[in-house]
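Contents: one structure, followed by commentary.
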Amino acid sequence: MLTSEQKIRYAQDGYLVLPNFKSAAEMAAVRARAEAIVEAFDPAESTSIFTTKEQVRTVNRYFLDSAQRISCFFEEVAFGPDGALRQAKSLSINKIGHALHDLDPVFEAFSHGPALAALAADVGLTRPQVWQSMYIFKQPGIGGEVGWHQDATFFDTTPISVTTFWFALEDATVDNGCLWTEPGGHRGPRGVLRERFERHGDRVTMNTLDSTPWPASQVNAIPLEVNAGALVVFHGLLPHYSAPNRSAVSRHAYTLHVTDASTHYAPTNWLQRDHTLPVRGLLVGGDTL
Ligand code: FE2
């Protein structure tokens, strides 16, 4: 599905933007499902927040169990000092994760199929395995920053294979917290894995592996402003970041993290699957490539 020019650009830059990958109808379907999931979510079940600033401290049972569930996480500043939500629940959720693609039929349809499988093959995934899905709201006004990181920190394989599929469900701009990346930052002397997030039992740690500095916005990083429907596919070593959303509009996105089954998936990765929900590829049901 990719042209040879696109393949060369992906190898050089570590990412590729594919406009209009998803239709308005496909996006409307997952947006409606996300809304229904949040509507049905009872905050009494969990008031877990998601923040990249204190990722180790905020990991709890609810987070670990979300590997095989559909779980809602609040924005860091969703709650006031009195413990009550500052704004409506529907405007307070940071993300839903992490098994939407396996457990919800609408997200399953969105997350699989020949187009995605062909793209995965073109970016070098010979036997794709979809470990994680996240619906990210980036809520207006309170949408949290996601600090500079590499996705291989969370999905370690030998050799590194994790690839991210980032679907814009709304227009993403500098104002509402679009992705920033460092073109080419996945290769050469800067293409080193800086951190590894490890799980040992119910404990997690963030270990520094390399002190190579993160990119600096405006210097060696660029914003990826994309329209709703675009798919950004990027390499697991590519540094990326997104700013807080202080604008009045949300920035919904949906992501998949995919590794290659022909590599070794680290047993210390936080996200593991048991026999009740084995990891799957990008083709399901009657799909053929
Ligand atoms: Fe990421």
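In what follows, residues are counted from 1 in the order of the sequence shown. Numbering of ligands and ligand atoms starts at 1, following listing order. Values in this document were obtained by computation on a predicted structure and should not be read as measured data.
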field: Test log, rule ring-ring contact (aromatic ring centres under 6.0 Å, His included), inputs His98 and Trp270
entry: CA-CA 12 Å; His98 290 99; Trp270 83 268; 5.1 Å; yes
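- Heavy atoms from other residues, nucleotides or ligands lying under 6.0 Å from CZ of Arg127 number 12 at most.
- Ring centers of Phe79 and Phe74: under 6.0 Å apart, within the cut-off.
- Protein N/O/S atoms nearer than 2.8 Å to the Fe ion (ligand 1) total 3.
- No hydrogens or angles considered: nothing links the side chains of Asp260 and Thr263 as a donor-acceptor pair under 3.5 Å.
- Neither side chain, Gln272 nor Tyr265, offers a donor N or O lying under 3.5 Å from an acceptor on the other.
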message: Could you go through His257 and Phe155, starting from their C-alpha distance and side-chain angles, then the distance that decides it, and tell me whether this counts as ring-ring contact (aromatic ring centres under 6.0 Å, His included)?
response: CA-CA 8 Å; His257 287 92; Phe155 295 93; 5.2 Å; yes
